[in-house]
Amino acid sequence: MWIQVFLGLLVVALGLLLPYPVCEATSLGAVVNVVPLEKSGGNMVRAHYTVISALPCPTFSGVCQTGEDCVVHTTPLPYTGQKPASGWCVRQWQRTIPSNYKANVNVGSNVNVFLSLWAGPSNQSNPLRLNQPPYCSLPPPLRARVNCPHHFPLTVKDLDGDTVRCRFARADLGECLDCPQHNFLKMEEESCTLLYNGKSSAGQYSVQLMVEDFPSQTQTAKPKALSSIPLHLSLTVEEASSSCISELVTTGLTPTGGATISVLPYEQINVSVTFRSDLESVSEIVVVGPPGLFRTALETKGSLATMNLTWIRGPNNLPPLLPLCFMANTNSLQSEPRCVWLYQRQMETIPTGTELTCGKTEMNLVLPISTLKNLIVSELQLNHPSCSVTSNSTHVMARISLTGCGTKRVHSGSEMVYTNTLRSVRTTVISRLPTLIMPLACRFPGVEAKGPRYAINMPSEQETFGIVKFWLEFYRPGEGPMAKSTKFPMFRHLLPPSQRVRRETSVRTASRLDTLDLHVFSNTSLDRAELMVGKCMESETEDMADSFYILEQGCTAGNGTLEILTSTSTARVYRIDLSTINTKGTTMYVECTVYLCVTTRPSQKCPDQCDRDSSNQVTVDNMLTRSYSVRSGPVRLVPTTAALATTTVFTTTIPTTTSTTAAPTTTASNAPAEDSTMAVGVVLAVVHVFLQGLLHH
């Protein structure tokens, strides 16, 4: 009996010494960035939550209580990742809470996380205003390997310029319910770097930290923190490998860690992220960032993997400083986490008497000089210096074209916004005079135009897509410009087992080829343009008098044609089972109906013509070309001495008779209406001003 008691105590003691694994109900990462509310004297804060959860992605139930000031950031495309093996997603919301706060936060029915924060009120650093707690970035779930030491730099920032330090959370201070103690982890508090010594068993571990700010100038050896913010991380330690070397690094135009990118109202920020891996191919680039960030699909080329990120600053109640973190994963490696800051530059009050009017083709600015003292008017410029800024003794005036002068067009929600900026451009580096940065914006609501009175000016097809051409080419499987995709094809729809071998190999009979790949191409150079194929017909005669469907509405007609997936948006490839076509001779002709589509938002894709399930359909703002008929020359169906793969069948391209007079269509207005006094042209002109004084040297 005593032996059993002793063994039981030994197990308990060892359990206290072992690393703390992540439980199924805990998060894989969490942070709360807070903004003190001036009207409450800092006793209340606006808390911005970001929580990483294992898949399946939890609902927002339990996050907000009825009647409280709480907003959830719902999105059809949440931040997700596949590593660690469980997969994960991100949930974000904001609510008003007391500045001293401790609570169990429930996200859906599966995630529970205890969060403790202390954010003042304090004005020790600056007696004239409340202390701003530090901002913490939350990286995607971290990975390491047994016996491979690793360091994880954390990105933190303080807008007050206070000193920021990071430490492990402490149970004796009420900062965690069951604080894990990791003897294989160390925190460099001054640099906020988490160190892993490699001496742990494989598993997934919770890391609970507190990020604190201290007065930058203090006489005490152990100053008291001005605020303390929670940051929870997860570390997945994987089995040891033969080498600890990781060659997964950033390259190209990837911004440096800790960089700050200033964002004006309605400005669009584009970030390109590229990683190079010489050992293993990159399986994913994972991102945790602000709500509303657009991400393109992962693009790989050799050892390089790239993802483009876009964020537009529309009206929002987000913090002034927004973290954006990204990293790359391979099957066994992970890059160093890298985080940058999007700084929503704060705007001052609009000068009294400022007027901005928005018309059909231009915006007009009138700015009283008396409200902008000590400014040099001759230094004021728009985005493009070719557009002049004029002035008299009382006012500065500018006529700003909506299609020139460097004016930019962005989507903000359902609105189309045209933006430009009036700013001081100084040739001297040092000056005692202030500078001006004045963002200008004309917001046009996206409304549906009805009746003959309304005329929406859409950009022409040629302006949007260029002079478009389409053509058809035919190759044996595994040959031609798309050979990489057709040699070992991935089909849009899975094949029955009895047909897989036959259609995935280039098989032919003695008299006629069994399979043939139809390639449809377009020459457009417009980014994100997608080639859409409506229908394809085959016939034994050049006039297509007696023709039969190969494709219908972009989908297979029967079992004879399957689409091969490719990474090129302006090309489509279809594998045709020649035993199923109606042409019985040795030559056929093919005619397809094609058009181009581009979405107005980078995060969206053009509607899938094959998805006829109404529950899967999402409204997408897009622009289309008219439909064109593309007809091939004679296509030989028998083996010949001439290599079919190198024979391009050029085609004639004509608009279809049903669409020759149709203008390009769109579901969203992307130009002002003809008459600005009508509902379509009722414009809310938004003008913000930022006055900045240069530092003396």
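Fair warning: this is a prediction, and the values are worked out from it, not measured in the lab. For the numbers below, each heavy atom of this structure counts, side chains included, while hydrogens, waters and symmetry mates do not.
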[Y] versus [X], side-chain donor and acceptor atoms under 3.5 Å:
X      : Y      : result
Asn329 : Gln334 : yes
Thr236 : Gln204 : yes
Tyr196 : Ser200 : yes
Thr250 : Arg338 : yes
Ser272 : Asn308 : yes
Glu188 : Ser191 : yes
Thr310 : Asn270 : yes
Gln344 : Asn316 : yes
Thr251 : Arg276 : no

- request: Measure across Ser335 and Leu248 and return the closest heavy-atom pair with its distance rounded to 0.1 Å.
  value: N-CD2, 3.3 Å
query: How far apart are the closest heavy atoms of Thr254 and Thr274, and which atoms are they?
result: OG1-N, 2.8 Å
- request: State plainly whether the residues Arg165 and Asp213 are in salt-bridge range, i.e. N to O under 4.0 Å.
  value: no
field: Ion pair Arg143/Glu238, N-O distance below 4.0 Å
entry: yes
- prompt: What class does the angle between the rings of Trp93 and Tyr49 fall in, given that below 30° is parallel, 30 to 60° is tilted and above 60° is perpendicular?
  reply: parallel
task: Step through the shown structure and confirm whether more than 12 heavy atoms of other residues, nucleotides or ligands are within 6.0 Å of CG on Leu55.
output: yes
message: Would you compute the distance between atom CD1 of Ile97 and atom NZ of Lys102 and round it to the nearest 0.5 angstrom?
response: 13.0 Å
message: Run Arg95 and Glu68 through salt bridge (charged side-chain N to carboxylate O under 4.0 Å, His left out) and show every step you take.
response: CA-CA 8 Å; Arg95 57 188 295 219; Glu68 72 173 353; 2.8 Å; yes
task: Would you mind telling me which of Arg443, Lys408, Arg409 makes a side-chain hydrogen bond (donor to acceptor under 3.5 Å, both in side chains) with Tyr266?
output: Arg443
Residues that Cys339 engages under disulfide bond (SG atoms under 2.5 Å apart), provided they are two or more places apart: Cys325
query: Given Arg167 and Glu175, is the salt bridge (charged side-chain N to carboxylate O under 4.0 Å, His left out) satisfied, shown in steps?
result: CA-CA 11 Å; Arg167 61 173 175 82; Glu175 296 168 340; 2.6 Å; yes
task: Walk me through it: do Phe444 and Tyr418 pass the test ring pair (Phe, Tyr, Trp, His ring centres under 6.0 Å)?
output: CA-CA 8 Å; Phe444 293 85; Tyr418 293 82; 5.6 Å; yes
